[in-house]
Amino acid sequence: MERTLTSEVPGKIGEEIELQGWLHWRRDLGGIQFILLRDRAGIVQVVLPGGHKLPLPESAVRVRGIAVENDKAPGGYEVQAEDLKVLQPSQQPTPVEIPKEEWRANPETLLTYRYVTLRGEKARAPLKVQSALVRGFRKYLDSQGFTEIFTPKLVRAGAEGGANLFEVDYFGESAYLAQSPQLYKQIMVGVYERVYEVAPVWRAEEHATSRHLNEYLSLDVEMGFIESDEDVMALEEELVRAMLEEAAMTAGPELDLLEVSMPGLPREIPRVPYSEAKRIVKEELGLGMGADLNDEAERALGEYFSERYGIDFVFIVQYPESVRPFYTYPTGDGLTRGYDLLFRGLEITSGGQRIHDPAIIVQQLEKKGMEPERFRDYIEVFKYGMPPHGGFAIGAERFTQKLIGLPNVRYARAFPRDRHRLEP
RNA sequence: GGCCCCGUGGUGUAGUUGGUUAACACACCCGCCUGUCACGUGGGAGAUCGCGGGUUCGAGUCCCGUCGGGGCCGCCA
């Protein structure tokens with residue numbers, strides 16, 4: 001018999017159907033037994049006549065029965081079956097009760113047992129939304145003439161020369177886990193003009209915050225033959241719109257379950273110069289701050305634009321050279337064509353126009369007190385007609401976190417890697 | 001890296017002027033129960049109270065150390 005998904009049950013009232021999934025929960029009244037069967041599409045109640053030895057929750061099961069409407073059933077319908085077949089039993093009780101995990105367990109406990117707690121409806125939903133966002137990312141960029149690339153994750157040196165690299169042994173030599181595909185995507189602009197990559201990156205930073213991961217999914221974009229960073233932002237605007245639309249269209253049940261309010265995305269996201277952002281933070285919001293916009297300032301800016309204009313996205317543009325990487329395009333006045341995208345007060349993107357003239361790269365390296373000789377391989381790449389180009393990277397988990405309103409970015413990754421977590 | 005907080009059955013908690021069988025709920029096991037939906041109900045098993053040391057007649061409780069974990073900040077996406 002062909003399998004029916006739980007979500008298709010209402011459309012098959014009166015028919016005999018077969019369901020396969022996990023025993024979500026059981027209520028055994030003796031002469032009548034109820035089980036909730038969960039599959040990839042949802043949950044439906046199955047009623048059995050009494051007398052069965054019901055397997056433990058999370059057992060994989062199959063039932064055949066009649067789909068019926070019933071006011072007494074959750075959702076108004078259920079499946080009446082005579083028997084159930086255990087495809088593979090759960091061999092021990094789950095560490096936390098899956099249907100009740102949200103209010104029976106601490107968040108940290110849920111991460112420890114993630115291999116099974118991920119099965120909870122509210123645990124699995126964010127990753128489904130994220131999957132849709134990434135699909136939207138790919139679909140939109142494919143439609144705009146971009147080519148998906150796959151760059152090495154084992155590298156000899158960091159893209160940004162930072163110290164936050166994980167060192168690995170490479171046949172006796174030192175290698176590192178890539179902290180960014182930056183250089184490679186720039187090289188590939190010289191090949192395909194427009195490229196993107198969906199891949200993990202690693203940052204060996206010993207922070208412990210609700211928005212950091214040591215391994216995260218970077219949605220990288222780079223494009224050639226641009227006039228300025230404005231072209232990059234214009235693309236990102238449409239890209240973000242497409243990602244949200246894909247999520248709304250294909251992850252509707254999950255967004256409903258998580259009670260997500262879709263963000264306010266205006267036709268054009270405001271471009272706020274860095275100096276103006278600092279002025280707002282200082283004068284209008286009365287916050288003190290250091291050289292860069294700190295986290296508190298970004299949150300405050302997010303609220304400022306959300307409350308005043310009802311928009312959840314803001315570009316901060318014209319960052320000063322001092323707070324951007326060396327490859328950021330300078331405009332000669334101490335500022336750059338580097339920008340950040342804030343989403344609900346959190347930086348989800350860093351981007352901008354890059355330097356395409358190797359002489360200027362050397363000049364900027366020296367200005368930052370970095371040794372150009374150490375970046376010889378990087379500079380070499382730009383000696384063969386590199387067009388004006390720029391790009392950005394979106395932190396997939398952060399985007400997901402802010403869209404859904406997750407308290408911690410870890411829940412936007414199936415198996416988060418943080419300072420203390422290398423398992424599961 | 002800085003500051004603050006927390007470790008008690010599988011899970012969530014109670015137990016602090018130190019006192020003898022460490023309590024409760026859920027889960028699990030054995031019964032009863034034909035419309036449950038956090039099912040109900042009777043019984044049962046399950047914890048050397050993170051670890052080590054100290055104080056004391058006596059430590060889950062006080063002290064020291066250690067390990068593990070969490071939050072915020074710095075920095076980043």
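Worth saying up front: this structure is predicted, and the values here are computed from it rather than measured. Chain letters run A, B, ... following the sequence lines, proteins first, then strands; residues in each count from 1.
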Novice: Contact class for A:Ile394 (heavy atom, under 4.0 Å): base, sugar-phosphate, or nothing?
Specialist: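 Here A:Ile394 touches no strand at all.
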Novice: Taking only distance into account, with no hydrogens and no angle test, what donor-acceptor pairs under 3.5 Å do side-chain atoms of residues 125-138 of chain A form with protein atoms, sequence neighbours excluded?
Specialist:
from     : atom 1 : to       : atom 2 : distance (Å)
A:Gln130 : NE2    : A:Thr400 : OG1    : 3.1
A:Gln130 : NE2    : A:Ala412 : O      : 3.0
A:Arg135 : NE     : A:Glu246 : OE2    : 2.9
A:Arg135 : NH2    : A:Thr250 : OG1    : 2.8
A:Arg138 : NE     : A:Glu148 : OE1    : 3.3
A:Arg138 : NE     : A:Glu148 : OE2    : 3.1
A:Arg138 : NH2    : A:Glu148 : OE2    : 2.9

Novice: Among the nucleotides B:rG12, B:rA27, B:rG35, which one has an atom lying closest to any side-chain atom of A:Pro93?
Specialist: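 Looking only at heavy atoms from C-beta outward on A:Pro93, the closest nucleotide is B:rA27.
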Novice: For nucleotides 36-43 of chain B, read 5' to 3', which letter fits each nucleotide if B means a protein heavy atom sits under 4.0 Å from the base, S means only the sugar-phosphate is that close, and - means neither?
Specialist: BBBB----
Novice: More than 12 non-hydrogen atoms from neighbouring residues, nucleotides or ligands closer than 6.0 Å to OH on A:Tyr77, yes or no?
Specialist: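 Yes.
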Novice: Restricting to side chain to side chain donor-acceptor pair (under 3.5 Å), what partner residues turn up for A:Tyr339, sequence neighbours left out?
Specialist: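 Residues passing side chain to side chain donor-acceptor pair (under 3.5 Å) with A:Tyr339: A:Glu236.
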Novice: Sequence neighbours left out, what passes side chain to side chain donor-acceptor pair (under 3.5 Å) with A:Arg119? Give chain and number order.
Specialist: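 For A:Arg119 the side chain to side chain donor-acceptor pair (under 3.5 Å) partners, ignoring immediate neighbours, are A:Glu58.
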Novice: In the strands shown, is B:rG7 matched to any nucleotide by a Watson-Crick or G-U wobble pair with both distances under 3.5 Å, and which?
Specialist: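 Base partner found: B:rC67.
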Novice: Indicate every side-chain donor-acceptor pair of residues 61-68 of chain A with a distance under 3.5 Å to a residue at least two apart or in another chain.
Specialist:
from    : atom 1 : to      : atom 2 : distance (Å)
A:Arg64 : NE     : A:Glu18 : OE1    : 2.7
A:Arg64 : NH2    : A:Glu18 : OE1    : 2.8

Novice: Show every salt bridge (charged side-chain N to carboxylate O under 4.0 Å, His left out) that has at least one partner inside residues 71-88 of chain A, sequence neighbours left out.
Specialist: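 Of all non-adjacent pairs touching residues 71-88 of chain A, none passes salt bridge (charged side-chain N to carboxylate O under 4.0 Å, His left out).
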Novice: Could you pull out the protein-nucleic contacts involving nucleotides 46-49 of chain B (nitrogen or oxygen on both sides, under 3.5 Å)?
Specialist:
none

Novice: With sequence neighbours excluded, what pairs up with A:Arg271 under the side chain to side chain donor-acceptor pair (under 3.5 Å) test?
Specialist: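 Applying side chain to side chain donor-acceptor pair (under 3.5 Å) to A:Arg271 gives A:Glu230, A:Glu237.
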Novice: Applying a 4.0 Å non-hydrogen cut-off, can you work out what A:Pro57 is touching in the nucleic acid: base, sugar-phosphate, or nothing?
Specialist: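 Touches sugar-phosphate only.
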Novice: Using Watson-Crick or G-U wobble geometry with both distances below 3.5 Å, tell me the partner of B:rG1, or none.
Specialist: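 B:rG1 is paired, partner B:rC73.
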Novice: Under the salt bridge (Lys or Arg N to Asp or Glu O under 4.0 Å) test, which residues partner A:Glu8, sequence neighbours left out?
Specialist: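 So A:Glu8 forms no salt bridge (Lys or Arg N to Asp or Glu O under 4.0 Å) with any residue.
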Novice: List the atom of A:Lys368, the atom of A:Glu321, and the distance in Å for their closest heavy-atom pair.
Specialist: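 Scanning both residues, the minimum pair turns out to be NZ-O, 2.9 Å.
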Novice: Within the 4.0 Å heavy-atom criterion, would you say A:Glu58 contacts the bases, only the backbone, or no part of the nucleic acid?
Specialist: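 Nothing, no heavy atom under 4.0 Å.
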Novice: Could you work out, with side chain to side chain donor-acceptor pair (under 3.5 Å) as the rule, every residue matching A:Thr6, not counting sequence neighbours?
Specialist: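 A:Thr6 satisfies side chain to side chain donor-acceptor pair (under 3.5 Å) with A:Asp39 only.
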Novice: Assign A:Ser218 to base, sugar-phosphate, or nothing according to its heavy-atom contacts below 4.0 angstrom with the strands shown.
Specialist: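 Answer is nothing: A:Ser218 stays at 4.0 Å or more from every strand.
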Novice: Checking A:Glu397 now: which residues fulfil salt bridge (Lys or Arg N to Asp or Glu O under 4.0 Å) with it, not counting sequence neighbours?
Specialist: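 Residues passing salt bridge (Lys or Arg N to Asp or Glu O under 4.0 Å) with A:Glu397: A:Arg413.
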Novice: Between A:Gly31 and A:Leu54, which residue's closest nucleotide on RNA chain B lies nearer the 5′ terminus?
Specialist: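 Mapping each residue to its closest nucleotide by heavy atoms, the 5'-most match is A:Leu54.
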Novice: Atom pairs under 3.5 Å, N or O on each side, protein against nucleotides 6-10 of chain B: can you list them with distances?
Specialist:
from   : atom 1 : to      : atom 2 : distance (Å)
B:rG10 : O2'    : A:Pro95 : O      : 2.8
B:rG10 : N2     : A:Glu97 : OE2    : 3.2

